[in-house]
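In what follows, chains carry the letters A, B, and so on, assigned in the order in which the sequence lines appear, proteins first and then strands, with residues in each chain numbered from 1.
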Amino acid sequence: MSPLLPKDEMDRRDFLKRAGKAGLGAAAAAALGWWAYDGQGPSGAAPAGPQVKLPSYAVAGEGGKLAVVKSSHRVPALRAGLEALGGLGRFVKKGEIVVLKVNAAFATPPALGATSNPELVAEMTRLCLEAGAAKVIVTDNPINDPTSCFELSGIGPAARQAGAQVVLPTAKAFQPTTLAGGRLIVDWPLLYGPLAGADKLIGLAPVKDHHRSLASLTMKNWYGLLGGRRNIFHQDINGIVSELARLVAPSLVVADGVVSLVKNGPTGGSLEDLSPTDAMILGTDQVAVDAAAVGLLGLKPQQVPYLGMAAEAGAGTVDYRSLNPTLVELG
Amino acid sequence: MPNLHAQPSRAQSLAGALVLLALLVVAGGVILEQFRFDPAQWGRVHSGPQQPAGPLVLLKVPGLTALGAGQSFTPATLSDKINGKADLYLAAGFKGLFTRRYALEGKPQAWLEMLLFVMNSPQAAYSVFSTQRRTGAVTSDLADQAYTTKNAVYLVNGADYLEVVASSAAPELKRAARAAAWAYLKANPVEQPQGTDDTALLPAKGRQEDSLMLLAKDAFGMAGLDQVQVAIYPVGQEEPMAFVSRRADAAQAQAKAEAYAKFLLANGAQETKPSGLEGARLFNIMDTWEVVFSQGPFLAGVRGAEDRAATLDLARRLKTRIQEAQP
């Protein structure tokens with residue numbers, strides 16, 4: 001018996017009983033913790049809700065088309081490029097719902113070229129409506145605050161004025177998706193809300209230098225359809241871009257290189273980061289469009305690993321010349 | 001001394017039970033919520049405008065009105081602001097980013113954004129400053145390391161790297177960007193670092209002035225090759241690059257030079273004998289020439305030119321310059 005404790009307050013039996021209870025309590029707490037321990041932790045990916053699978057938005061019989069328009073003006077370039085592909089009417093039918101996936105990643109002014117050009121978004125909206133689209137939805141899940149991005153980039157006001165519905169990402173708009181055979185897009189939140197019920201999907205991407213992937217073009221633009229902690233994919237940027245190309249089968253993509261962000265991308269910041277590359281590349285094969293567009297950044301297709309990876313996975317061809325692209329020079 | 005055998009009162013038991021019940025309710029809530037984890041909502045940090053903008057919060061710029069309280073970003077959330085460029089800052093040594101937008105008074109459409117990158121050291125700040133230097137930029141008198149472009153101001157202030165980016169090239173916005181940078185500098189005075197300037201080891205003759213850069217980490221793709229000063233020396237259509245990196249001592253410089261030579265060989269380089277460059281090694285890799293050597297505590301070399309003679313000439317001048325600079 002400890003001399004510190006008087007005999008009438010605790011004897012050996014009491015001590016053992018209390019020590020036993022305390023030990024059992026500690027063991028129970030530890031066992032509970034062990035039972036509840038999740039060694040993997042949350043994936044950071046899967047939102048609540050059932051899995052969704054993006055349908056193909058590709059237009060039957062329109063595969064493998066490519067047009068390169070040399071122009072220093074976006075609106076005529078877009079019109080001429082669509083004409084070279086046979087007209088937008090081949091892609092958008094009366095009464096259809098069209099989603100324009102823009103790049104509204106940053107809350108920066110349009111002059112900096114880090115986001116889709118609002119003039120281009122507005123013109124594509126008008127053309128889709130003229131072609132008979134029942135509704136045009138403009139959407140993206142930006143890097144920065146969505147409201148600021150759409151407003152400061154000018155995309156939101158321009159799209160609304162042209163008659164589009166601008167859909168900002170909300171938590172409910174995301175549903176998990178898994179790319180069959182995918183390594184990265186597994187049970188990952190996808191910005192599905194604006195796409196649910198859509199008939200056609202058109203990607204409008206600015207041509208940009210990218211610190212990590214070298215080039216941010218139409219395939220990288222689908223990154224804005226991902227939710228969750230997608231920045232973890234930066235460690236495997238070529239892997240994620242090539243998986244996105246497999247995940248998304250668009251009706252049409254447009255790489256806007258009328259003015260390209262050739263340095264310090266993807267954000268840029270200075271007008272000196274831009275270069276008038278005077279080209280717009282449109283097509284149904286996103287790999288081919290991007291392979292043609294990397295030249296505007298002074299790159300060769302083989303220098304951008306995700307192009308080859310996407311082509312190998314069957315998302316398109318790097319050999320864009322094999323599609324006999326239509327070249328339009330507007331001067 | 002309290003009696004440890006005494007039974008708790010009814011009130012004490014009740015209070016204890018209530019506390020336990022409350023804890024059970026909290027635990028139950030946590031368990032239920034974690035089963036409903038929604039990363040779209042919780043897994044991504046959209047840094048909202050409510051977050052403080054650190055040193056920019058109190059910054060007052062004459063003629064400008066702050067648009068909101070600004071934002072702050074940590075190494076974990078930096079990519080939420082600058083996406084794929086975050087790696088550049090993280091590799092150099094990044095601590096925090098504070099941003100805030102301002103508009104010209106009475107002209108909300110004419111705005112600029114201040115981005116204050118707080119780095120680990122002045123070297124880290126200089127590294128991100130120099131590696132992003134814009135072609136055609138104009139050196140500014142705002143700070144020792146500062147330049148302006150058509151719509152922006154960029155500068156280094158101690159361990160801070162500041163960007164002031166205007167939404168257009170309007171003259172009044174450009175003046176406002178300069179005023180904002182000046183207001184920040186006045187509010188955040190720092191002593192200029194007194195460290196050795198190794199850029200002086202890169203020969204001045206033929207050097208493209210705006211090409212000076214400090215590569216903070218993994219220079220030329222080699223893991224562990226850090227703190228490398230580089231500059232371009234245009235010759236005709238070619239742009240050979242000279243580089244120099246101070247190591248702890250001569251032995252470490254030599255070891256790093258050997259490691260770099262091994263790195264080149266592992267990547268397909270062919271080694272040949274250099275002429276008139278004692279101690280240097282010459283490689284041909286993908287039809288361009290590379291020279292690497294160590295001189296005292298420095299690893300140095302030349303890379304990236306198809307012209308063998310130009311490569312060797314620049315290497316000789318670099319070696320001589322380093323020799324002259326050493327005590």
Side-chain angles (χ1 to χ4, degrees), chain A residues 5-6 8-10 14 18 36 38 42-49 105-112 141-146 148 152 169-176 188-189 191 210-213 216 220 223 227-231 234-235 237 263-273, chain B residues 1-6 27 30-31 34-49 67-68 71 76-88 99 101 109 111-113 115 131-137 147-154 163-169:
Chain A
L5 291 171
D8 63 341
E9 291 188 356
M10 180 178 284
D14 279 336
R18 291 185 183 213
D38 177 2
S43 68
F106 305 108
T108 54
L112 297 187
N141 180 27
I143 303 297
N144 302 159
D145 169 65
S148 303
L152 295 179
T170 60
K172 285 181 182 171
F174 290 89
Q175 283 188 254
W188 198 269
L191 180 60
H210 193 279
H211 179 74
R212 191 93 199 169
S213 66
S216 175
K220 173 71 172 61
Y223 184 79
R229 292 177 182 157
R230 57 185 171 177
N231 62 330
H234 280 147
Q235 302 310 314
I237 193 77
K263 284 182 182 169
N264 293 308
T267 53
S270 174
L271 294 171
E272 278 78 354
D273 296 329
Chain B
M1 177 78 65
N3 185 348
L4 298 177
H5 278 291
V30 169
I31 288 170
Q34 65 93 28
F35 282 121
R36 301 194 318 172
F37 179 74
D38 181 355
Q41 185 174 358
W42 299 102
R44 169 133 184 261
V45 181
H46 264 314
S47 303
L67 302 173
Q71 294 176 292
T77 61
L78 180 61
S79 64
D80 292 340
K81 179 64 180 174
I82 60 173
N83 194 22
K85 213 198 273 186
D87 289 344
L88 174 74
T99 69
R101 291 193 187 90
Q109 298 306 313
W111 56 275
L112 58 83
E113 184 170 21
L115 299 100
T131 52
Q132 297 179 86
R133 189 181 174 95
R134 272 71 182 181
T135 306
Y147 66 86
T148 60
T149 65
K150 288 175 190 164
N151 68 311
V153 176
Y154 302 87
E163 296 187 344
V164 188
V165 178
S167 60
S168 79

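For B/Glu163, no part lies under 4.5 angstrom from a heavy atom of chain A. Using a 4.5 Å cut-off between heavy atoms, B/Ala27 does not touch chain A at all. Only the side chain of A/Leu112 comes within less than 4.5 Å of a heavy atom in chain B; its backbone stays farther off.
For the atom pair OG1 of B/Thr149 and CG of A/Asp273, the computed distance is 7.5 Å after rounding to the nearest 0.5 Å.
Distance alone, capped at 3.5 Å, is enough to place a donor-acceptor pair between the B/Asn151 side chain and the B/Ala166 backbone.
Taking the centre and axis of the six-membered ring of B/Tyr154, the NZ or CZ atom of B/Arg133 falls outside the cone set by 45° and 6.0 Å.
Residue with the most contacts toward chain B among A/Ala107, A/Gly265, A/Ala173: A/Ala107 (heavy-atom pairs, distance under 4.5 Å). Comparing A/Gly268, A/Ser216, A/Ala105 by heavy-atom pairs within less than 4.5 Å of chain B, the highest count is held by A/Gly268.
A/His211 is linked by a side chain to side chain donor-acceptor pair (under 3.5 Å) to nothing, counting only residues two or more places apart in sequence or in another chain. For the ring-ring contact (aromatic ring centres under 6.0 Å, His included) test, no residue two or more places apart in sequence or in another chain qualifies with A/His210.
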